[in-house]
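To keep things clear, I will list the structure first and then write my remarks on it.
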Number of protein chains: 2
Amino acid sequence: MQYLVEPLRNYYLTKYPIETLFSFPITPYIQVCQFERGEFIFKEGSYPEYLYYLVEGKAKLYVTHENGKVSLINFLQAPTFMGEIELLNEERISKAIQTVTKVTCLAIPIHTCKEKLLTDATFLRQLCIFLSQKATTISAKYTENQVYPLINRLAAFILVSADHDFYKEKHTEVCEYLGVSYRHLLHVFAKLCEEGMIKKQSRGFMIVDRFRLQQLAK
Amino acid sequence: MQYLVEPLRNYYLTKYPIETLFSFPITPYIQVCQFERGEFIFKEGSYPEYLYYLVEGKAKLYVTHENGKVSLINFLQAPTFMGEIELLNEERISKAIQTVTKVTCLAIPIHTCKEKLLTDATFLRQLCIFLSQKATTISAKYTENQVYPLINRLAAFILVSADHDFYKEKHTEVCEYLGVSYRHLLHVFAKLCEEGMIKKQSRGFMIVDRFRLQQLAK
DNA sequence: AGAAAAATATGAGATATCTCATATTATTGT
DNA sequence: ACAATAATATGAGATATCTCATATTTTTCT
């Protein structure tokens with residue numbers, strides 16, 4: 001991870017104006033930082049020093065269970081806060097965040113800003129909206145996981161993540177996200193191919209029958 | 001549902017002081033209302049008129065899927081807000097809330113109070129804390145659902161919900177809460193009995209080997 | 001460029017969970 | 001008190017999903 005200095009710092013602050021989320025001038029407090037692909041933004045167990053606002057790149061939020069299995073709770077994409085739960089509850093970090101691509105964040109130091117933040121109605125309102133949407137998304141995802149078999153959820157996932165009818169996500173990430181074993185994920189991919197809805201290519205799958213895929217996804 | 005009048009209204013307002021959650025005097029706006037067991041507090045699809053604060057009783061929050069299955073997302077117990085997500089996002093209600101016992105709520109009319117609420121830092125901060133805890137609870141529940149088979153989760157559930165080593169929850173509710181079929185829930189109860197960890201009684205189960213149950217629950 | 005690590009692939013067998021059918025018992029409303 | 005409704009119970013068979021083992025290919029690091 002590295003902190004950006006001027007003029008780069010200012011470039012990002014201008015490109016992603018964050019002041020509107022606060023009722024006081026936040027810019028002087030903010031550091032702009034970049035994480036390499038694969039770096040950890042938060043590790044389970046520590047206390048966060050910054051509240052981050054992700055502006056570029058993609059990261060994943062996950063938890064490691066006692067039995068060693070990992071659940072990928074969500075992919076995080078701009079714009080999103082990270083570390084807000086710990087800010088509110090003075091807790092240790094219970095979920096790791098690791099970048100998937102190079103990531104740029106605006107970092108608000110908790111030590112110096114906490115009091116200001118927790119009494120700022122503008123910020124708190126934004127945070128409420130953000131948190132409520134997060135809760136809604138997560139609970140929707142998991143109730144669906146529970147009620148539909150993988151073939152339906154995978155059809156839906158292929159549709160939302162394909163770009164120009166071409167799907168190329170990593171199986172290793174997707175099986176954690178959808179909460180199934182790697183093996184089973186491949187079984188179901190094979191089935192969708194057999195049924196002629198998608199077709200395997202060198203580095204991904206081509207959607208060949210969008211209509212039937214949509215029906216499966218419901 | 002019925003609204004309580006004085007002196008009962010005042011009795012509840014005194015017993016459950018809610019003013020501390022706001023920076024302005026909220027009491028004049030509040031109605032106290034009671035729902036009978038089994039009544040709906042929210043039905044999917046409508047817009048809420050009140051933000052409720054549950055002070056007595058127990059309710060369940062659930063969602064009905066397109067395939068007709070129902071997921072019980074969470075049991076709601078005092079103290080908790082209901083309808084806060086719709087207040088923040090101006091959305092239709094996407095999750096039904098039905099009471100499990102008789103329920104008493106403090107009801108804040110959205111129509112008259114919305115602006116005041118959404119600019120009140122004290123309230124917003126409380127709501128942020130509430131929402132973040134809700135998000136944490138729900139995501140913990142579902143990631144566990146996904147990673148542990150029912151026998152482990154049921155062991156844990158029996159331990160937390162038993163009273164003096166006696167478990168007497170309704171199977172019909174529990175299978176929805178744990179996200180499995182009724183049939184499968186009973187299979188696993190039978191298994192725990194066979195293994196001698198619990199023992200069936202006329203209207204519930206007695207815990208007879210707490211230690212092994214705890215090991216299963218991990 | 002070569003070694004190490006990560007991702008992909010596939011088989012075989014086990015098990016967790018579901019669907020549907022049907023019967024009995026308890027609870028609730030009138 | 002009785003009818004209606006909800007909850008409990010159990011069997012049989014299907015299927016969704018997991019575990020483990022192992023091989024190949026691709027990507028990353030030095």
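Note that this is a predicted model, so its numbers are computed, not measured. Throughout, a chain's letter reflects where its sequence line sits, starting with A, and its residues are numbered from 1.
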Taking atom [atom2] of [N] as reference, at what distance in whole Å does atom [atom1] of [X] sit?
{"X": "B:H171", "N": "C:dA26", "atom1": "NE2", "atom2": "P", "value": "13 Å"}
{"X": "B:L186", "N": "C:dA23", "atom1": "CG", "atom2": "C1'", "value": "14 Å"}
{"X": "A:E173", "N": "C:dA6", "atom1": "CD", "atom2": "P", "value": "14 Å"}

Self-check item: Heavy-atom donor-acceptor pair, B:K218 side chain to B:A156 backbone, under 3.5 Å
Solution: no
Exercise. Please determine if B:E6 and B:R9 form a salt bridge, counting it only when a charged side-chain N lies under 4.0 Å from a carboxylate O.
Key: yes
Exercise. Determine, for B:F75 and B:K58, whether the Lys NZ or Arg CZ falls below 6.0 Å from the six-membered ring centre while staying within 45 degrees of the axis.
Key: yes
Quiz item: Where each residue is assigned the nucleotide of DNA chain C containing its nearest heavy atom, which of A:E169 and A:Q146 is assigned the position nearer the 5′ end?
Solution: A:E169
Self-check item: Nearest-nucleotide comparison on DNA chain D, the residue closer to the 5′ end among A:S202 and B:Y182
Solution: B:Y182
Quiz item: If you pin A:K191 and B:A190 to their nearest nucleotides in DNA chain D, which one's is more 5'?
Solution: B:A190
Quiz item: So, B:N89 versus A:S132: side-chain donor-acceptor pair below 3.5 Å or not?
Solution: yes
Exercise. Using the heavy-atom set of chain B and a strict 4.0 Å cut-off, write down the first and last nucleotide of DNA chain D that makes it in, 5' to 3'.
Key: D:dA7 to D:dG11
Quiz item: Residues two or more places apart in sequence or in another chain: which of them pass side-chain hydrogen bond (donor to acceptor under 3.5 Å, both in side chains) with B:E195?
Solution: none
Practice problem: Report yes if the distance between the aromatic ring centroids of A:F157 and A:Y177 is under 6.0 Å, otherwise no. | Solution: yes
